[in-house]
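Here is the structure we will look at, set down as structure tokens.
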Amino acid sequence: MADITKRSEDYSRWYLDVIQAAELAENSPVRGSMVIRPTGFAIWESIQRTLDDKFKELGHVNAYFPLLIPKSFLAKEAQHVEGFAKECAIVTHSRLKSTTKDGKPSVEPDPDSKLEEELIIRPTSETIIWDQFRKWIMSYRDLPVLINQWANVMRWEMRTRLFLRTSEFLWQEGHTAHATAKEARDETLQMLEVYRWFAEEYLAMPVITGPKTPRERFAGAVETFSIEAMMQDNKALQAGTSHDLGQNFAKAFDVKYQTAEETQEYVWATSWGVSTRLIGALIMCHSDDKGLVLPPKVAQRKVVIVPIYRSDEEKELVLNKAKEIAEQLKPVAGFVHIDDRDKMRPGWKFGEWERKGIPIRLELGPRDVGNNETVMATRHDCNKTSVSLDGLAETISEALDRMQKELFETALKRREENTHILETWEEFTTLYNAEGGFSYCHHCGETECEESIQDETKVTIRNIPLHSEDEEGSCIRCGKPSKKRVLFAQAY
RNA sequence: CGGGGCGUGGCGCAGUCCGGCAGCGCAUCUGCUUUGGGAGCAGAGGGCCACAGGUUCGAAUCCUGUCGCCCCGACCA
């Protein structure tokens with residue numbers, strides 16, 4: 001196991017090293033697509049379970065729409081095509097043909113199997129879903145339609161990075177249809193709030209919510225909202241989006257409903273999603289130079305017991321006690337893994353579970369059993385303390401709660417320390433030539449001005465925070481009047 | 001897609017300039033001794049040197065092309 005590069009040395013190398021060290025994912029032979037390994041997939045399962053329950057609690061139901069989309073569908077919504085055209089994979093043939101190339105067996109597309117209409121591998125599913133919605137929605141009685149799907153999508157990316165940007169990724173996409181503009185807007189904001197709640201309560205990752213500027217809007221949306229988190233290198237990461245689609249897709253796919261007054265109206269729509277990118281966010285938000293750090297609520301294995309023994313008698317004593325403890329902890333920590341591998345020494349196991357981010361490690365040796373205690377090591381602060389075996393479930397439960405809370409507080413504190421309220425362009429360029437971070441500045445709202453800021457500094461408007469109060473001011477860049485401060489940062 | 005760097009057992013690398021038996025460390029396997037922070041000794045296995053052409057008596061090494069990875073730009077969740 002090679003050492004993990006220090007964050008201070010090379011942040012992006014560190015990120016990749018943590019993924020390798022914790023065995024989360026690796027590159028596959030196809031550029032930009034990744035293999036998610038069991039430890040990494042466990043995180044995704046944990047994210048799925050929590051969000052899926054929440055979506056259902058709010059009345060959404062799961063469905064599945066196909067991977068392949070007729071080419072013509074994508075062309076129906078003008079903005080939408082333009083946004084995705086440059087990153088679509090296209091299926092053109094349905095068969096391979098055996099050939100020989102340089103005397104070796106090979107295969108190539110059978111020219112006779114060229115498709116009449118080429119198919120697009122979904123970059124997102126609005127089009128194929130709205131084509132179905134037309135058939136499902138007849139009257140106001142059919143509304144709202146609240147659908148979610150867990151799926152993979154593909155966007156042909158130029159430059160990829162494990163979890164943060166891969167050509168194929170896993171996500172959930174919610175698609176809803178409503179009778180009124182207000183209902184659609186309410187749904188958009190409700191789901192944005194679900195994402196905020198999830199990021200903060202489960203991932204222990206504080207986020208800023210708000211609408212994106214027009215140039216960062218989802219292709220085909222009237223308004224896009226995002227949650228933005230700060231990573232440990234002070235850059236921002238968009239961790240989830242919720243779109244108010246207005247009637248754009250309803251019009252493109254001719255989805256009308258009959259009202260109680262017997263008129264025909266186009267329906268109003270939303271879509272919202274989070275992806276495996278959240279795993280990247282999680283890594284960059286909490287992990288340290290020793291490896292992955294997982295918030296307890298996300299960790300499938302919250303506690304691991306490392307037994308320590310020499311002789312067979314000690315082994316029996318310690319393992320029996322470990323099993324007892326594991327059983328006792330089930331109600332507060334779920335399945336507790338006992339690492340009884342004989343071939344590895346305790347110190348090696350400590351290192352491994354640290355790399356993999358297990359929140360709590362219990363070290364249990366004959367001395368501990370004799371004293372009716374165990375050594376509890378907490379991953380987030382790397383502290384070790386002896387704790388009594390009496391009331392251990394309570395102790396562990398409290399420790400897990402404390403870790404969850406402290407991870408959030410540490411992340412929040414880091415964000416606050418690296419967030420600035422700026423008034424002048426000079427302050428702005430000074431900040432982003434140095435350590436960077438979040439800044440709240442006035443902006444005129446004009447796209448050209450926004451672009452000029454990015455061209456010069458790589459800094460973009462992440463969103464217009466919902467918590468941002470109205471306030472008279474002048475644009476940080478061009479000096480024109482502004483009524484609100486917006487959130488600036490360099491972004492992933 | 002442009003600029004730069006790099007592809008050699010699972011991982012990290014040396015060897016490439018100047019062609020001549022494919023090496024080192026970690027990991028793996030076996031045995032013995034060990035076990036409270038990444039154990040020691042002895043032995044063993046594992047590589048089409050990214051891929052494809054070419055030059056040569058002979059290529060990891062030289063030439064041409066392709067692919068992949070990392071970094072920096074343009075594009076994006």
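When reading the values below, keep in mind they use all heavy atoms of this one structure, side chains included, and skip hydrogens, waters and symmetry mates. Residue numbers begin at 1 in each chain, while the letters A, B, ... track the order of the sequences.
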| Parallel, tilted or perpendicular: ring planes of Phe218(A) versus His243(A), cut at 30 and 60 degrees | parallel

| request: Say whether Asp381(A) and Thr378(A), considering side chains only, have a donor N or O and an acceptor N or O under 3.5 Å apart. | output: yes

| request: Please state the P separation for the pair rA42(B) and rA50(B) - nearest whole angstrom. | output: 33 Å

| said: Let's test this: given Watson-Crick or G-U wobble pairing with both distances under 3.5 Å, identify the partner of rU55(B). | reply: none

| Side chain Lys458(A) and base rG73(B) donor-acceptor under 3.5 Å | no

| task | Would you mind reading off the distance between Glu316(A) atom CD and rU35(B) atom C1', rounded to a whole angstrom? | result | 18 Å

| said: If I pick the P atom on rC17(B) and the same atom on rG12(B), what distance separates them, to the nearest angstrom? | reply: 24 Å

| Length of the line joining Glu352(A):CD and rG38(B):C1', which is rounded to integer Å | 11 Å

| query | Just checking Ser275(A): base, sugar-phosphate only, or nothing, at a heavy-atom cut-off of under 4.0 Å? | reply | base

| said: Looking at Asn27(A) and rG68(B), is any side-chain donor or acceptor paired with a base atom of the opposite kind under 3.5 Å? | reply: no

| Is Ser167(A) touching bases, backbone alone, or none of the nucleic acid, heavy atoms closer than 4.0 Å? | nothing

| field | Separation of atom NE2 in His243(A) from atom P in rA77(B), rounded to whole Å | value | 8 Å

| request: With heavy atoms under 4.0 Å as the rule, sort Val375(A) into base, sugar-phosphate or nothing. | output: base

| query | Between Lys384(A) (NZ) and rG36(B) (P), how many Å, whole number? | reply | 11 Å

| So which nucleotide does rG36(B) pair with, by the Watson-Crick or G-U wobble rule with both distances under 3.5 Å? | none

| request: Return no unless some side-chain N or O of Arg367(A) is found under 4.0 Å from OP1 or OP2 of rG36(B). | output: no

| task | With a 3.5 angstrom cut-off on both distances, give the Watson-Crick or G-U wobble partner of rG31(B), or none if there isn't one. | result | rC41(B)

| said: Let me spell it out: for each of Phe84(A) and Lys349(A), pick the nucleotide of RNA chain B with the closest heavy atom. Which residue's pick is nearer the 5' end? | reply: Lys349(A)

| So, Ser452(A) and Arg477(A): side-chain donor and acceptor under 3.5 Å apart, yes or no? | yes

| task | With C1' as the reference atom in both, quote the distance from rG31(B) to rG47(B) in angstrom, rounded to an integer. | result | 27 Å

| Identity of whatever pairs with rC17(B) - Watson-Crick or G-U, under 3.5 angstrom | none

| In whole Å, what is the span from the CD1 atom of Ile4(A) to the P atom of rG12(B)? | 14 Å

| Nearest-nucleotide pick for Leu16(A), side chain only, options being rG38(B), rC70(B), rA77(B) | rC70(B)

| field | Gap in Å between the two C1' atoms, one belonging to rG23(B) and one to rG38(B), rounded | value | 26 Å

| field | Parallel, tilted or perpendicular, as decided by the 30° and 60° cut-offs, for the rings of Phe133(A) and Trp130(A) | value | perpendicular

| field | Atom pair distance, as rounded to whole Å: CG in Asp312(A) and P in rU34(B) | value | 13 Å

| said: With rounding to the closest Å, how many angstrom separate the P atoms on rU16(B) and rC6(B)? | reply: 14 Å

| Other residues, nucleotides, ligands: >12 heavy atoms within 6.0 Å of Glu82(A) CD | no

| task | Could you tell me whether Arg341(A) and Glu352(A) make a salt bridge, using a distance below 4.0 angstrom between a side-chain N and a carboxylate O? | result | yes

| rC71(B) and rC24(B), which share atom name C1', separated by this distance in whole Å | 28 Å

| Contact class for Gly32(A) (heavy atom, under 4.0 Å): base, sugar-phosphate, or nothing? | sugar-phosphate

| Arg159(A) side chain near rC72(B) phosphate (N/O to OP1/OP2, under 4.0 Å) | yes

| remark: Comparing nearest nucleotides in RNA chain B, the 5'-proximal residue of the pair Glu363(A), Tyr492(A) is Glu363(A)

| query | Is Leu237(A) touching bases, backbone alone, or none of the nucleic acid, heavy atoms closer than 4.0 Å? | reply | nothing

| message | Check this for me: does any side-chain nitrogen of one of Glu223(A) and Lys212(A) sit under 4.0 Å from a carboxylate oxygen of the other? | response | no

| Closest to the Glu354(A) side chain: rC75(B), rG36(B), rG37(B)? | rG37(B)

| note | If pairing means Watson-Crick or G-U wobble with both distances under 3.5 Å, then the partner of rG12(B) is rC24(B)

| remark: rG7(B) -> Watson-Crick or G-U wobble partner, both distances under 3.5 Å, gives rC67(B)

| message | I need the OH-P distance between Tyr11(A) and rC72(B), as an integer number of Å. | response | 14 Å

| said: So that I can tick it off, tell me whether Arg49(A) and Asp53(A) are bridged by a salt bridge, with the cut-off set at under 4.0 angstrom between side-chain N and carboxylate O. | reply: no

| query | What is the distance from CE of Met344(A) to P of rG37(B), rounded to the nearest Å? | reply | 17 Å

| field | Counterpart base for rC75(B), defined by Watson-Crick or G-U wobble contacts under 3.5 Å | value | none

| request: For the pair Phe169(A) and Trp171(A), name the ring-plane relationship: parallel under 30°, tilted 30 to 60°, perpendicular over 60°. | output: perpendicular

| Side chain of Arg355(A) (C-beta onward), nearest among rG36(B), rG38(B), rA77(B) | rG38(B)

| Under 4.0 Å between a side-chain N/O of Ser12(A) and OP1 or OP2 of rC70(B), yes or no? | no

| task | Quote, to the nearest angstrom, the P distance that separates rG9(B) from rC51(B). | result | 10 Å

| According to a strict under-4.0 Å criterion, is Arg345(A) in side-chain N/O contact with OP1 or OP2 of rG38(B)? | no

| If you take atom types as modelled and just measure distance, does the side chain of Gln20(A) reach the base of rG12(B) with a donor-acceptor pair under 3.5 Å? | no

| field | Pairwise P distance, rC49(B) and rA60(B) [rounded to whole Å] | value | 7 Å

| request: Scan Asp368(A) against the nucleic acid and name what it touches under 4.0 Å (heavy atoms): base, sugar-phosphate only, or nothing. | output: base

| said: Base of rG37(B), side chain of Arg361(A) - is there a donor-acceptor contact under 3.5 Å? | reply: yes

| field | Sugar-phosphate only, base, or nothing, as touched by Phe169(A) at under 4.0 Å among non-hydrogen atoms | value | base

